[in-house]
Amino acid sequence: LDSGNQDVPLPRYVRVNTLRTTVAKAVKEFQRTKIVRKGTETQTLWKYGGLIDDWRSMAPDTFYQDPHLPELLVFPPSTDFHLDAQYKSGSIVLQDKASCFPAFILAPPPGAHCIDGCAAPGNKTSHLCAKLRNQGHITAFDLDARRLETLKTMTTRAGCRVIEAVHGSFLDADPARFPQVTHILLDPSCSGSGIVARLDALVDTQLAENPDEATVAANDLDRLLKLAEFQQQCVLHAMKFASVQFISYSTCSIHAKENEQVVAAILAAQNDFELAPRDRVLPTWPHRGEVGHGLSADNANKVVRAAPDDGTNGFFVALFVRKVIDVNAPP
Ligand code: SAM
């Protein structure tokens, strides 16, 4: 499996944790902050460049606001945040751009009950919590106890108060026990073939983009097909929850087998959910799904892909929405 170019210098992204601060306050704080390069503090302060159109045109010593995700700030590649006060206090989260798409697209309103089915180490869980403004509830499942501990540490540092971490398989979660859940985020184990950022950068991101064991093991076609089967099962299980209206499905894979083909199989396997319209799914993001893997051009246009050319890791997101009941349809 091709994992792409390991040397692409992607920007460093900082998600402002709106549970602890605001974008305006975080920007002001950075403007008072000295730049750190390779663990050494310089005397230069960060300059703020406003909204950036093209991530390739970043000026030196300057950070920007992302044009697609308002809570995201864009810094030059290899910026070091280890000493940063806002990082230490949990006011910012180091999270790659595309990895912010699922919670942003799912967008549960404050008060909603949510499930994060494959949650650890929890960057998307904490992002979901920010969307909820700490009102509502999130049940965060993960099979891996160690990663779930990281989730607890990270989400506590981020000021999340409505997360219940559950050690166990999402596939064993009984839908009858979650009658209020309306939004489910699914980011299951995948081949990780979209990850191109350097490993030291991955470690910096609080393990968030660090491949789990299943990801590391995904080195042959058989393994890829097994992952696709698991990914499909996760989404079909989520569709059994009676009140669920929205399900986001994401991978950090570039393989259509884990992306468009999984979505096509799910659409074919049930009648209750369809893909949300493009205007609900990052409408200004130009990179959409690939046609020809079982998805029509219309459906491919409703899902999102990301690649290093977009300034972020390879990624895929689809949003399923429960179909509106047609009262005039024949019985
Ligand atoms: N969403 C996470 C984040 O943004 O920080 C990353 C999730 S990672 C891609 C996939 C996770 O799924 C791993 O932590 C793995 O342990 C977990 N996992 C695998 N099988 C699972 C299952 N049946 N139920 C719950 N979690 C599972």
Side-chain angles (χ1 to χ4, degrees), residues 13 15 17 69 72 93-106 114-131 138-158 160 163-175 178 183-195 197 202-218 223-224 226-238 240-241 247-255 258-259 262 306 312-317:
Y13 292 96
R15 176 169 64 77
N17 176 14
L69 305 178
L72 205 64
V93 176
L94 307 182
Q95 189 169 354
D96 186 53
K97 175 168 177 168
S99 139
C100 297
F101 287 174
F104 187 84
I105 288 171
L106 189 62
C114 307
I115 285 177
D116 188 343
C118 298
N123 267 353
K124 296 180 188 75
T125 325
S126 92
H127 195 190
L128 261 191
C129 204
K131 290 286 160 215
I138 302 171
T139 312
F141 291 92
D142 206 281
L143 263 188
D144 184 319
R146 190 182 60 87
R147 289 168 68 91
L148 205 63
E149 285 309 309
T150 309
L151 176 144
K152 288 180 195 165
T153 309
M154 269 185 50
T155 55
T156 302
R157 178 164 64 172
C160 302
I163 297 172
E164 180 191 352
V166 177
H167 180 212
S169 173
F170 169 65
L171 296 177
D172 294 335
D174 178 1
F178 299 89
H183 294 69
I184 298 185
L185 188 150
L186 290 173
D187 184 44
S189 302
C190 72
S191 66
S193 54
I195 297 176
L202 296 176
V203 172
D204 287 352
T205 59
Q206 305 154 335
L207 278 177
E209 327 299 341
N210 195 11
D212 59 293
E213 280 170 27
T215 297
V216 172
R223 182 78 192 133
L224 200 59
K226 283 193 179 120
L227 283 168
E229 174 65 28
F230 167 66
Q231 292 152 357
Q232 191 180 323
Q233 271 181 354
C234 281
V235 180
L236 289 173
H237 186 63
K240 295 178 189 154
F241 289 66
I247 300 164
S248 69
Y249 167 66
S250 54
T251 71
C252 53
S253 166
I254 55 170
H255 296 299
E258 295 178 279
N259 298 333
V262 167
T312 182
N313 282 293
F315 207 80
F316 177 86
V317 193

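Indexing begins at 1, ligand by ligand and atom by atom, following the structure's order. As a basis for the values below, the full set of heavy atoms in this structure was taken, side chains included, without hydrogen atoms, waters or symmetry mates.
Short contacts between ligand 1 and Ala119, defined as distances under 4.0 Å to a heavy atom of the residue, involve ligand atoms 1 (N), 2 (C), 3 (C), 5 (O). In summary, the atoms of ligand 1 found under 4.0 Å from a heavy atom of Ser189, numbered by their order in the structure, are 10 (C), 12 (O), 15 (C), 19 (C). Those atoms of ligand 1 that come under 4.0 Å of a heavy atom in Arg147, given as number and element, are 8 (S), 13 (C), 14 (O). Listed by number with element, the atoms of ligand 1 under 4.0 Å from a non-hydrogen atom of Asn123 are 3 (C), 5 (O). Short contacts between ligand 1 and Asp187, defined as distances under 4.0 Å to a heavy atom of the residue, involve ligand atoms 1 (N), 2 (C), 4 (O), 6 (C), 7 (C), 8 (S), 9 (C), 10 (C). The distance from ligand 1 to the heavy atoms of Gly168 drops below 4.0 Å at these ligand atoms: 24 (N), 25 (C). Each of the atoms 3 (C), 5 (O) of ligand 1 lies under 4.0 Å from some heavy atom of Gly122. Per-residue contacts place Pro121 under 4.0 angstrom from the following atoms of ligand 1 (heavy atoms of the residue considered): 5 (O).
Residues Glu258 and Ser191 have side chains that bring a donor and an acceptor to within less than 3.5 angstrom of each other. Inspection of the Thr251 and Asn259 side chains reveals an N or O donor paired with an N or O acceptor under 3.5 Å. Under 3.5 Å, the side chains of Ser253 and Ser193 contain a donor-acceptor pair of N or O atoms. Tyr13 and Gln95 are not linked by any side-chain donor-acceptor pair at a separation below 3.5 angstrom, with hydrogens and angles left out of the test.
The heavy atom nearest to atom 16 (O) of ligand 1, out of those in Leu143, Thr251, Asp142, is found in Asp142. The heavy atom nearest to atom 23 (N) of ligand 1, out of those in Ser250, Ser169, Gly117, is found in Ser169.
The distance criterion of under 3.5 Å between nitrogen or oxygen atoms is met by Cys118 with respect to ligand 1. Some N or O of Phe170 is nearer than 3.5 Å to an N or O of ligand 1, by distance alone. The shortest N or O to N or O distance between Ala120 and ligand 1 is under 3.5 Å.
Residues Leu128 and Leu106 are in side-chain contact: their nearest non-hydrogen atoms beyond the backbone lie under 4.5 Å apart. A heavy-atom distance below 4.5 Å is found between the side chains of Leu227 and Gln231. Side-chain contact between Phe315 and Pro102: present, with at least one pair of heavy atoms (C-beta onward) separated by less than 4.5 Å. In this structure, Gln233 and Leu171 have side chains that are in contact, with non-hydrogen atoms separated by less than 4.5 Å.
A donor-acceptor contact shorter than 3.5 Å links the side chain of Asp96 to the backbone of Asn313.
Of all the heavy atoms of Lys124, the ones lying under 4.0 Å from any atom of ligand 1 are found in both the backbone and the side chain.
In this structure, Ser99 falls outside the shell of residues with a heavy atom less than 4.0 angstrom from ligand 1.
Relative ring orientation between His237 and Phe170 is described as perpendicular, the plane-to-plane angle rising above 60° on a 0-90° scale split at 30° and 60°.
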